[in-house]
Amino acid sequence: MSIVICFNNKDPKPWQNALASKLKGVNIEIYPEVEEPEKVTFSLCWKPDKNALSKFSNLKVVQSVGASVEHIIQSQNLSPDCILTRIIDHQLSQDMFEYILAGIMSHLKKLPEYQLDEKQKPWDQKPYKRIDNTRIGILGLGKIGTHVAVKLEQLGFKVKAWSKSEKSVKNILCLHGHDGLSNVLYNTDILINILPLTAETENILNIRHLEQLNKNGYLINVGRGEHLVDSDLLILLNNNHLSGALLDVFRTEPLPIEHPFWQHDKIRITPHIAAITNVDTASDIVVTNYQNLLKGKELINIVSLKKGY
Ligand code: GLV
């Protein structure tokens, strides 16, 4: 029984080292140089090459090293009895909250505009908003979305959140379904997208939905690039319906240098760093799952292949 690491855009070495120190004697190989593919029963994946896992005929578990799994579902032809699991880690949720809070506060206090002003030095005092008159809408109430919603509410923001199925979180107005979506967008100043990417959520950040936000609304996208219709965002920024956007995820990553988002004064870009899996804490989850597989126990953080999250 061995483990294979199949990564793109991520260094496999820290994971190999962390697992080797916690799982003494287990063979951990790095794709594509795998000497005995038939011995592989457990794979650790981040954006694996198309059909990379089909080489491993005895594969039982596919573990994403992130909170998301669409990068695996879309690229592999997983058999229905293969177990797909993901990382649910408090550190990941907290990192996401800290990133979002930084984005919100920088927007409310207009820090990006002052940074642009530094070129002309105009000493131009601008009106700013406060936490208690800022209405937040959150799309996605999974583990991360719930953590973010609760933390923002505790700081004094007015928070509404939307999820596919009905949920209930103390002090948060929880909405779901078609009508719930319009309700979460209505009278919202800042929309935060933390949804998983599925066929139903793709392109959800489109003009029809985003124009329901308050005038001068702001978008933070930490879900996936495919949630956002890029050209619709540009229209709403250029006609001043939206005042700006903070984007951490893109349809193509790295974001191509010719993409108009790079040039836009109202768009802040970060290179998919809102919440990076912490190898130290997340490797414990992988170890537990590997050991559970050996012992025939149920794995943790299993994803429904049908639902996609
Ligand atoms: C990051 O994008 C993740 O899926 O954890």
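Note that ligands are numbered from 1 as they come in the structure, with each ligand's atoms numbered from 1 the same way. Counting begins at 1 with the first residue of the sequence.
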Is there a heavy atom of H272 sitting under 4.0 angstrom from any atom of ligand 1?
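Yes.
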
Could you establish whether H71 and ligand 1 come within less than 4.0 Å of each other, counting only heavy atoms on the residue side?
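No, that is not the case, since the closest heavy atom of the residue is not under 4.0 Å from the ligand.
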
Identity and distance of the protein heavy atom lying nearest atom 4 (O) of ligand 1
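For atom 4 (O) of ligand 1, the nearest protein heavy atom is S68 OG, 2.5 Å.
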
When you look for heavy atoms under 4.0 Å from ligand 1, do you find them on the side chain of R224, its backbone, both, or neither?
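For R224, only side-chain atoms sit under 4.0 Å from ligand 1.
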
Aromatic ring proximity, centroids under 6.0 angstrom, H71 and W46
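So the answer is yes for these two rings.
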
Begin with the C-alpha distance, continue with both residues' side-chain angles, and end with the deciding distance and a verdict on side chain to side chain donor-acceptor pair (under 3.5 Å) for K22 and S283.
CA-CA 8 Å; K22 294 176 186 182; S283 56; 2.7 Å; yes

Pair K143 + D89, salt bridge at N-O below 4.0 Å:
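No.
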
Quick test of your reading of the model: are E253 and K47 salt-bridged, counting only N-O distances below 4.0 Å?
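Judged by the 4.0 Å cut-off on N to carboxylate O distance, E253 and K47 do form a salt bridge.
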
Has ligand 1 got any nitrogen or oxygen that is less than 3.5 angstrom from a nitrogen or oxygen of T277?
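No - when backbone and side-chain N and O of T277 are compared with those of ligand 1, no distance drops under 3.5 Å.
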
Close N or O approach (A67, ligand 1; < 3.5 Å):
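Yes; the residue has a nitrogen or oxygen that sits under 3.5 Å from a nitrogen or oxygen of the ligand.
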
Gap separating the CD atom of Q91 from the OG1 atom of T277, nearest 0.5 angstrom:
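So the CD of Q91 and the OG1 of T277 are separated by 10.5 Å.
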
Distance-only polar pair, side chains of K13 and Q16, donor-acceptor under 3.5 Å:
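Side chains of K13 and Q16: pair found under 3.5 Å.
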
So if I count the atoms of ligand 1 from 1 in the order they appear, which ones are less than 4.0 Å from some heavy atom of W46?
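With W46 as reference, the close atoms of ligand 1 come out as 1 (C), 2 (O), 3 (C), 4 (O).
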
